[in-house]
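Input: a single structure, listed below in structure tokens.
All residue numbers in this chain count up from 1 along the given sequence.
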Amino acid sequence: MNYDDRNDAFVRAVRGFCLRRGLLPQGCRVLVALSGGADSVCLLRVLLRMGVPVVAAHCNFHLRGDESMRDERFVRSLCGTLGVRLVTVDFDVPARMCATGESVEMACRSLRYEWFERQRAALGCDVIAVAHHADDNVETFWLNAVRGTGIAGLTGIHPVNGRIVRPLLGVHRADIVRWLDDLGQDYVTDSTNLENDVKRNRLRNVVLPALYGQLPEARRTLPATIGRVSDCYGLYCEAVAMMRGVVAPDYSESDGFGIDAGRLQGFANAEMLLFEMLRPLGFNRSQCADAIEALRSGSGEQRSFNAQQRTLMVKGGVMRVEMRAAAVGQQMFPVALAGGLRLDVPVKLSVEVVSGKPFTPAMCNGSTVIALDAAVLRCRQVALRHWRKADRFRPFGMRGTKLLSDLFTDLHLDSEAKRRVWVLDADGQILWVVGLRASAHFPVDRCGGRPFVLLSVAE
């Protein structure tokens with residue numbers, strides 16, 4: 001195969017994948033995440049070859065010293081040569097980690113995608129293109145399998161996730177490097193990708209090469225398997241919806257409904273069906289297992305299982321889901337931070353006032369566990385309440401405030417997930433979107449040794 005044929009074949013493969021998956025509609029304007037590595041450089045150049053209007057966006061996390069500055073210089077030079085508009089940003093990752101307790105990886109991811117979305121909207125782009133390819137998909141499949149994921153985790157990386165699109169998911173890393181070599185296009189290499197200090201790198205650099213060495217066909221069959229699992233998951237979701245129509249014909253996301261216990265028990269996997277029906281409403285798998293056990297016992301005693309906004313009731317052969325009284329209206333539930341407690345209604349919270357011990361980022365993760373400076377104890381009223389349409393909070397790393405509704409859009413929350421969101425309010429300021437994101441109010445002084453408050457979603 002000569003250069004031109006191979007070049008055309010690669011572009012055709014990417015274009016065909018985008019057309020099949022509906023990634024880039026006609027006239028679509030794309031914000032390209034450009035790190036300077038082979039994958040993102042390939043993404044930029046192949047989209048240009050396809051005639052797609054693009055703007056490039058580069059994040060400098062300043063974590064690799066001279067290498068970080070080298071990457072930015074390369075990206076600026078590349079975009080200048082190609083005549084592509086470039087926007088850049090500098091991030092203070094340690095400050096984000098100190099404020100939220102996130103790991104390096106999670107802090108970088110949060111900063112990156114939040115900024116990409118702001119730039120997308122500001123620059124009039126329709127989607128954000130990132131450079132995940134087929135080998136990344138295989139790595140994600142194995143990582144999720146090792147973690148003990150359910151079927152959804154085995155579907156790998158999705159070509160479309162909200163405003164995020166992945167045009168290179170149909171090609172392998174080797175195809176990308178070969179195409180760039182044929183094009184005479186250079187790129188930079190992140191030296192940390194060669195270190196085996198994290199699971200993904202060990203999988204990429206050690207485990208998968210050994211697997212492919214013994215079973216070379218796996219390089220071709222694994223992506224196909226992931227695609228089939230994804231298709232099966234889609235069918236599975238359709239089947240659950242159909243069975244739900246049989247078992248709970250009056251199912252409602254905003255009101256109570258009954259469950260036909262007889263028909264439910266007629267399914268071989270009744271427990272799993274009940275969980276898939278009720279999971280979007282906030283019930284967990286152990287609750288569903290206990291509910292099935294209570295149903296089969298035939299006891300006349302009523303058993304109740306509480307989610308944040310609903311109660312599942314089982315009595316004799318009858319099952320019903322009702323809205324909880326605490327979920328109605330805009331009630332405020334006072335939280336006595338100074339006492340140290342577990343608050344069981346409506347959200348289980350653990351509160352600990354810490355003094356005489358230095359704060360470390362490992363103590364919290366900024367979502368299910370947060371830390372607040374002890375000055376919060378001087379607030380007149382701290383309370384738990386449902387979020388409201390006009391609510392704003394102040395995220396770490398932003399000078400201004402952000403609508404909670406915009407945060408939910410960034411996180412791709414559906415309507416039911418939004419209804420389950422609670423916030424911790426202190427004198428009218430949102431301190432915590434519970435389970436999702438801490439605000440920048442009352443940040444902990446990492447080096448000052450001041451007392452602080454740890455709050456967590458209790459098990």
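Proximity of V138 to P223: side-chain heavy atoms (C-beta onward) are separated by under 4.5 Å at one or more points. Side-chain contact between V423 and L404 is present, with at least one heavy-atom pair separated by less than 4.5 Å. Counting only heavy atoms from C-beta outward, the side chains of H441 and R394 approach each other to under 4.5 Å. Put simply, the side chain of M50 reaches to within 4.5 Å of the side chain of L24, judged on heavy atoms. The side-chain heavy atoms of I292 and V314, taken from C-beta on, include no pair separated by under 4.5 Å. Taking the side chain as every heavy atom from C-beta outward, D373 and P451 never approach each other to under 4.5 Å.
Side-chain N or O atoms of S367 include none that pairs as donor or acceptor with a backbone N or O of R437 at under 3.5 Å. Under a 3.5 Å cut-off, the side chain of D260 and the backbone N or O of V247 do not form any donor-acceptor pair. Side-chain N or O atoms of D425 include none that pairs as donor or acceptor with a backbone N or O of A383 at under 3.5 Å. Of the possible donor and acceptor atoms, none in the side chain of H172 sits under 3.5 Å from a partner among the backbone N and O of A174. Side-chain atoms of R166 come within 3.5 Å of backbone N or O of H158 as a donor-acceptor pair. Remark: the backbone N or O of Q381 is paired with a side-chain donor or acceptor of D427 at under 3.5 angstrom. Proximity of a side-chain donor or acceptor of N205 to a complementary backbone N or O of N201 within less than 3.5 Å is detected. Side chain of T155 to backbone of S230: no donor-acceptor contact under 3.5 angstrom is found. The backbone N or O of W432 sits nowhere less than 3.5 Å from a side-chain atom of W422 that would complete a donor-acceptor pair.
When all heavy atoms are compared, the tightest approach of I430 to R392 is CD1-O, 3.5 Å. Summarising the geometry of L23 relative to V165, their closest heavy-atom pair is O-CG1, 3.8 Å, with the distance given to 0.1 Å. The minimum heavy-atom distance between M277 and A248, with the atom names listed, is CE-CB, 3.9 Å. Taking every heavy atom of both residues into account, F267 and R263 meet most closely at CD1-O, 3.2 Å.
Salt bridge absent: D391 and K402 never bring a charged side-chain N and a carboxylate O closer than 4.0 Å. A salt bridge does not link E217 to R220: none of the charged side-chain nitrogens sits closer than 4.0 Å to a carboxylate oxygen. With respect to the salt-bridge test (charged N to carboxylate O, under 4.0 angstrom), the residues R96 and E114 qualify.
Considering CD of E139 and CZ of R200, their distance stands at 5.0 Å, rounded to 0.5 Å.
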Give the C-alpha distance, both sets of side-chain angles, the deciding distance and a yes or no for side chain to side chain donor-acceptor pair (under 3.5 Å) between H132 and N137. CA-CA 7 Å; H132 293 113; N137 205 8; over 6 Å; no
I would like to know whether N144 and T140 meet side chain to side chain contact (heavy atoms under 4.5 Å, CB included); could you show each step before the answer? CA-CA 6 Å; N144 287 341; T140 298; 3.7 Å; yes
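Every residue two or more places apart in sequence or in another chain was checked for a ring pair (Phe, Tyr, Trp, His ring centres under 6.0 Å) with F141, and none qualifies. Looking at residues two or more places apart in sequence or on another chain, you find no ring pair (Phe, Tyr, Trp, His ring centres under 6.0 Å) involving F393. Residues passing the ring pair (Phe, Tyr, Trp, His ring centres under 6.0 Å) test with F257, sequence neighbours excluded: Y251. Residues forming a side-chain hydrogen bond (donor to acceptor under 3.5 Å, both in side chains) with E271 (at least two apart in sequence, or on another chain): none. Remark: F61 pairs with F91 by the ring pair (Phe, Tyr, Trp, His ring centres under 6.0 Å) rule, at least two apart or across chains.
The aromatic rings of Y236 and Y233 sit parallel to each other, their planes meeting at less than 30°, with 60° as the upper class boundary.
Environment of CZ in R21: sparse, with no more than 12 heavy atoms of neighbouring residues, nucleotides or ligands closer than 6.0 Å. Atom CD of E105 is surrounded by 12 or fewer heavy atoms from other residues, nucleotides or ligands within 6.0 Å.
Residues in residues 286-298 take part in these side chain to side chain donor-acceptor pair (under 3.5 Å) pairs, two or more places apart or across chains: N284-S286.
Side-chain N/O atoms of T311 and R320 include no donor and acceptor closer than 3.5 Å.
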